[in-house]
S.K.: 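Provided herewith is a single structure, encoded as structure tokens, for subsequent inquiry.
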Amino acid sequence: MPKPLPLIGSHPGGRSALTCRFRCGDACFHEVPNTSGNAYAGDVIAGAVRRRALLRGAAVTAVVAATGAAGATVGAPGASAAPGAPAAPGPAGKDRRGARGLRFEPVAPNTADAVTVPEGYRQNVVVRWGEPILRGAPAFDPENQSAAAQAGQFGYNNDFLALLPLPGERGRQLLVANHEYTDEVLMFRGYDPENPTRRQVETAWAAHGLSAVVVEEDGRTGRLSAVPRHHLNRRVTATTEFRLTGPAAGSALLRTSADPGGRTVLGTLNNCSGGTTPWGTTLHGEENFNQYFAHGSRATDSRYGIGTGATERKWERFDKRFDLAQEPNEVHRFGYVVEFDPYDPASTPRKHTALGRFKHEAATVRMTADGRPVVYSGDDERFDYFYKFVGSKRMRAGNGRAARAHNLTLLDEGTLYVARLTGDSPAAEIDGTGKPPADGEFDGGGEWIPLATATATATGAVSHVEGMTAEEVFVFTRLAGDRAGATKMDRPEDIEPSPRTGKVYVALTNNTNRGRSGYAAADEANPRNANKHGHVLELTERGGRAEATAFGWSLFLVAGDPEDPATYFAGFPKDRVSPVSCPDNVAFDPHGNLWISTDGNQLGSHDGLFGVAVRGERRGELKQFLTVPTGAETCGPLVQERRVLVAVQHPGEVDGATVERPASTWPDGPGRIVRPAVVAVWRADGADIGV
């Protein structure tokens with residue numbers, strides 16, 4: 001096999017052109033879909049961030065201590081780290097130990113074609129793209145892939161991960177993974193982007209969707225491995241039957257020639273992050289679904305970033321439902337939160353229209369005190385919004401048939417809201433110079449604006465947006481957010497409520513259009529008009545109630561090089577944190593720490609996973625736990641007491657890379673095709689993570 005390609009060039013936000021083509025349809029190079037005049041979050045918060053950073057110790061001259069020992073690198077044979085930041089000694093005494101759950105020597109930023117973990121930790125690949133998981137599925141053969149084979153094998157580009165208990169099966173858990181999109185040029189030898197074959201297209205359809213696979217722990221070593229042919233193992237693909245539920249189901253907006261009732265749709269596309277529910281199901285957000293549909297012509301198509309020409313993949317040549325000139329409503333059946341019951345292999349997955357239609361990055365659940373679900377979700381687009389849904393039905397306890405049937409309807413009735421943020425200082429005090437406002441604080445308030453309510457009454461649903469019906473709100477949710485005056489954000493991605501405090505953390509990955517001509521500018525005091533590193537917002541619902549319609553907010557973390565005065569780590573000393581860029585997925589560990597995975601690192605090193613304390617005297621202490629191989633994004637993640645799991649998505653996704661000219665040899669080494677995979681990490685001594 002030829003030598004791997006070097007990393008060459010990148011698109012805005014740190015992604016390669018290859019990533020932009022196949023994951024989001026070159027969204028960074030399209031016009032921003034949101035042309036509304038709504039307030040821009042950068043205008044509200046960027047100056048606040050800068051002032052807070054200045055007040056709490058801005059100019060940092062120390063070397064970043066967090067670029068400590070690189071730790072153990074386990075990856076492709078022959079892979080090596082490129083020169084990176086030198087290791088620096090960690091702080092002495094207690095500082096060296098860190099917050100409970102974060103007591104590990106941070107991994108140094110690096111460009112190794114490997115998964116790099118801290119010293120004293122071990123890792124293994126749990127399951128790779130193409131591994132057979134269903135009974136009768138063939139062994140992976142990259143030279144002879146087919147739709148039938150792929151439909152029984154683990155899918156491509158794993159993203160969100162869930163691990164669910166398996167009562168009665170000691171040492172086993174049920175892993176559920178999203179398969180966001182496919183990189184055809186890295187999957188098929190000799191792939192011609194202008195002339196894909198039916199076999200290639202149908203194989204890609206089968207590589208999308210979800211996988212459920214039982215995994216088993218080796219108690220002697222800590223390794224986690226897939227259990228093939230288990231009766232709960234399942235594949236959901238781009239051609240699996242789904243049920244549309246909620247207030248828009250059956251609407252004329254969702255009817256097609258193949259489904260005149262508007263209640264059944266084939267497949268799920270571009271599942272990014274997701275969440276788990278207290279009633280034992282998983283939620284999956286359909287994100288960049290726009291890229292699969294050709295020949296958009298309506299204003300609503302444009303608002304969702306759907307192009308007027310052919311698509312990159314050319315699927316419209318093989319199924320007319322991807323051609324909006326022939327099936328204009330098919331695209332309205334994507335962009336929802338999918339609910340999947342992994343404990344019932346015969347169940348039909350659902351698409352919940354009550355949670356709105358947009359580029360869902362995630363769907364995470366918090367329960368009200370009286371047992372109703374609240375679901376948070378971000379719309380991953382520059383200058384778009386974040387939302388929450390407050391259910392009106394209470395969860396029933398137990399796993400009986402009646403309780404499970406009832407709980408599967410919880411997300412069909414309730415109110416959908418969008419967020420509007422405001423600052424708490426007089427406008428005259430925000431003069432663009434970076435001078436702190438009189439109160440010295442960089443926070444504010446906000447409100448959840450109701451968009452529509454889905455009910456079980458004869459009327460079915462009520463719109464709260466003037467000029468739009470309820471069905472229109474649930475199908476064209478972005479337009480409803482525009483009309484409601486929601487606050488424009490910098491790519492809202494994963495949103496995670498803390499299971500301990502109830503505070504909600506919103507990852508905002510980046511927005512390189514901030515301040516560009518024709519776009520909303522950041523506060524003039526903020527030198528990072530082109531926000532290429534992103535930030536994390538901390539939101540506190542009024543009274544600590546998940547169903548509250550008002551909240552307070554503050555900037556918890558402003559990403560980038562800690563030596564940059566623009567960065568901020570909740571007030572923690574910046575000479576004792578790891579550099580971080582482009583926060584994407586977030587999760588909590590058993591100790592209440594927030595873990596952040598990155599996508600598109602703009603600091604010259606590979607993406608990684610970071611843990612950060614959110615409470616106590618070490619609040620803001622951020623440490624890098626691992627890095628991923630060349631071209632890869634860190635997804636998942638899951639942090640258990642004794643194990644961390646990450647989904648290594650799109651390894652080798654570098655401009656110019658192909659099967660014949662790989663940019664990475666991970667995970668199986670030279671001469672083997674690069675494969676996305678799930679990785680488990682544990683302590684060599686078997687003790688808990690980070691204690």
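From a predicted model like this one, the values you see are computed outputs, not experimental measurements.
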S.K.: Yes or no on side chain to side chain contact (heavy atoms under 4.5 Å, CB included) for N510 and H533, after CA distance, side-chain angles and deciding distance?
M.R.: CA-CA 5 Å; N510 55 45; H533 295 301; over 6 Å; no
S.K.: When you check the side-chain N and O atoms of S377 and E361, is any donor under 3.5 Å from an acceptor?
M.R.: no
S.K.: Write down the atom of S211, the atom of R235, and the distance for their closest heavy-atom approach.
M.R.: OG-CD, 2.9 Å
S.K.: Is any side-chain heavy atom of Q649 closer than 4.5 Å to one of P676?
M.R.: no
S.K.: Assess the side chains of N158 and E180: does a donor N or O sit below 3.5 Å from an acceptor N or O?
M.R.: no
S.K.: Let me confirm one number: the CG-OG distance from N585 to S273, rounded to the nearest 0.5 Å.
M.R.: 4.5 Å
S.K.: Walk me through it: do N157 and D183 pass the test side chain to side chain contact (heavy atoms under 4.5 Å, CB included)?
M.R.: CA-CA 8 Å; N157 269 346; D183 282 303; 3.3 Å; yes
S.K.: Inspect the contact between R491 and D379 and indicate whether a charged nitrogen and a carboxylate oxygen are less than 4.0 angstrom apart.
M.R.: no
S.K.: Closest heavy-atom contact between P629 and D113?
M.R.: CB-OD1, 3.4 Å
S.K.: May I ask you to check whether H208 and T237 show a side-chain donor-acceptor distance below 3.5 Å?
M.R.: no
S.K.: Minimum heavy-atom separation for G600 to C582, with atom names?
M.R.: O-SG, 3.2 Å
S.K.: Could you state the interatomic distance from OG1 (T182) to CD (E184), rounded to the nearest 0.5 Å?
M.R.: 3.5 Å
S.K.: What's the separation between atom CG in D607 and atom CD in Q624, rounded to the nearest 0.5 Å?
M.R.: 9.0 Å
S.K.: Ignoring hydrogens and geometry beyond distance, is a side-chain donor-acceptor pair present between N271 and T268 at under 3.5 Å?
M.R.: yes
S.K.: Is it the case that the side chains of N110 and S605 hold a donor-acceptor pair, with the cut-off being a distance below 3.5 Å and no angle test?
M.R.: no
S.K.: I'd like to know if R478 and E381 make a salt bridge, using a cut-off of under 4.0 Å between side-chain N and carboxylate O.
M.R.: yes
S.K.: Using a 4.5 Å cut-off on heavy atoms from C-beta on, say whether the side chain of R675 contacts that of F140.
M.R.: yes
S.K.: About how many Å separate CZ of F318 and CH2 of W205, when rounded to the nearest 0.5 Å?
M.R.: 8.0 Å
S.K.: Do the non-hydrogen side-chain atoms of I673 and V659 ever get within less than 4.5 Å of each other?
M.R.: yes
S.K.: If I compare all heavy atoms of T282 with all of A162, which pair ends up nearest, and what's the gap?
M.R.: CG2-CB, 3.9 Å
S.K.: Hey, are Y181 and D159 close enough side-chain-wise for a donor-acceptor pair under 3.5 Å?
M.R.: no
S.K.: So, do F104 and F625 have ring centers that fall under 6.0 Å from each other?
M.R.: yes
S.K.: Verify whether one side chain among S297 and H295 offers a donor that lies under 3.5 Å from an acceptor in the other.
M.R.: no
S.K.: Under 3.5 Å, is there a donor on one side chain and an acceptor on the other for Q145 and Q153?
M.R.: yes
S.K.: Are a donor atom and an acceptor atom from the side chains of Q291 and N288 found within less than 3.5 Å of each other?
M.R.: no
S.K.: What verdict does the ring-ring contact (aromatic ring centres under 6.0 Å, His included) test give for F154 and W129, after you've listed the backbone C-alpha separation in whole Å, the side-chain angles of each residue and the deciding distance to 0.1 Å?
M.R.: CA-CA 5 Å; F154 193 73; W129 162 50; over 10 Å; no
S.K.: Please assess R317 against D323 for the test salt bridge (charged side-chain N to carboxylate O under 4.0 Å, His left out), listing each intermediate value before the final yes or no.
M.R.: CA-CA 8 Å; R317 296 181 184 176; D323 185 348; over 6 Å; no
S.K.: Examine the side chains of Q173 and Q640 and answer whether a donor and an acceptor come within less than 3.5 Å of each other.
M.R.: yes
S.K.: Are L603 and D561 side-chain neighbours, meaning at least one heavy-atom pair lies under 4.5 Å?
M.R.: yes
S.K.: Compute the ring centroids of W682 and Y121, then answer whether they are less than 6.0 Å apart.
M.R.: no
S.K.: Quick check: closest heavy atoms across F340 and V236, and the distance to 0.1 Å?
M.R.: CE1-CG2, 3.8 Å
S.K.: In plain terms, say whether E286 and K351 are close enough for a salt bridge, that is, a side-chain N and a carboxylate O under 4.0 Å apart.
M.R.: yes
S.K.: Do D584 and T509 pair up side chain to side chain, a donor and an acceptor below 3.5 Å, judged on atom types alone?
M.R.: no
S.K.: Centre of F322's six-membered ring, under 6.0 Å away, within 45 degrees of the axis: is that where NZ or CZ of K314 sits?
M.R.: no
S.K.: Could you check whether any side-chain heavy atom of E660 comes within less than 4.5 Å of a side-chain heavy atom of R189, counting everything from C-beta outward?
M.R.: yes
S.K.: Got a second to check how far F610's CZ is from I596's CD1, nearest 0.5 Å?
M.R.: 8.5 Å
S.K.: Taking side chain as C-beta onward, heavy atoms only, is P579 less than 4.5 Å from P109?
M.R.: yes
S.K.: Any heavy-atom pair between the side chains of T627 and V115 that's under 4.5 Å?
M.R.: no
S.K.: Might you point out which heavy atoms bring L283 and V337 nearest each other, and give the distance in Å?
M.R.: CB-CG1, 4.0 Å
S.K.: Please confirm whether Y336 and H360 have ring centers closer than 6.0 angstrom.
M.R.: no
S.K.: Do NZ/NE/NH1/NH2 and the carboxylate oxygens of E217 and R223 come within less than 4.0 Å?
M.R.: no
S.K.: If we only count heavy atoms from C-beta on, is the L645 to L163 side-chain gap below 4.5 Å?
M.R.: yes
S.K.: Could you check V214 against L175 for side chain to side chain contact (heavy atoms under 4.5 Å, CB included), going step by step and ending with a plain yes or no?
M.R.: CA-CA 6 Å; V214 171; L175 175 70; over 6 Å; no
S.K.: Looking at R199, I'd like to know if its CZ atom is crowded, meaning that more than 12 non-hydrogen atoms belonging to other residues, nucleotides or ligands lie closer than 6.0 Å.
M.R.: yes
S.K.: Please lay out, stage by stage, how K359 and N290 fare under the test side-chain hydrogen bond (donor to acceptor under 3.5 Å, both in side chains).
M.R.: CA-CA 9 Å; K359 291 185 177 182; N290 57 298; 3.2 Å; yes
S.K.: Check the side chains of N178 and H284 for a donor-acceptor pair under 3.5 angstrom, ignoring hydrogens and angles.
M.R.: yes
S.K.: With distance as the sole criterion, is a donor-acceptor pair present between the side chains of N531 and D490 under 3.5 Å?
M.R.: yes
S.K.: Evaluate the side chain to side chain contact (heavy atoms under 4.5 Å, CB included) criterion for residues E633 and V648: first the C-alpha distance (whole Å), next the side-chain angles of each, then the deciding distance (0.1 Å), finally the verdict.
M.R.: CA-CA 6 Å; E633 168 191 352; V648 178; over 6 Å; no
S.K.: Within 45° of the ring axis of Y304 and under 6.0 Å from its six-membered ring centre, is that where the NZ or CZ of R357 lies?
M.R.: yes
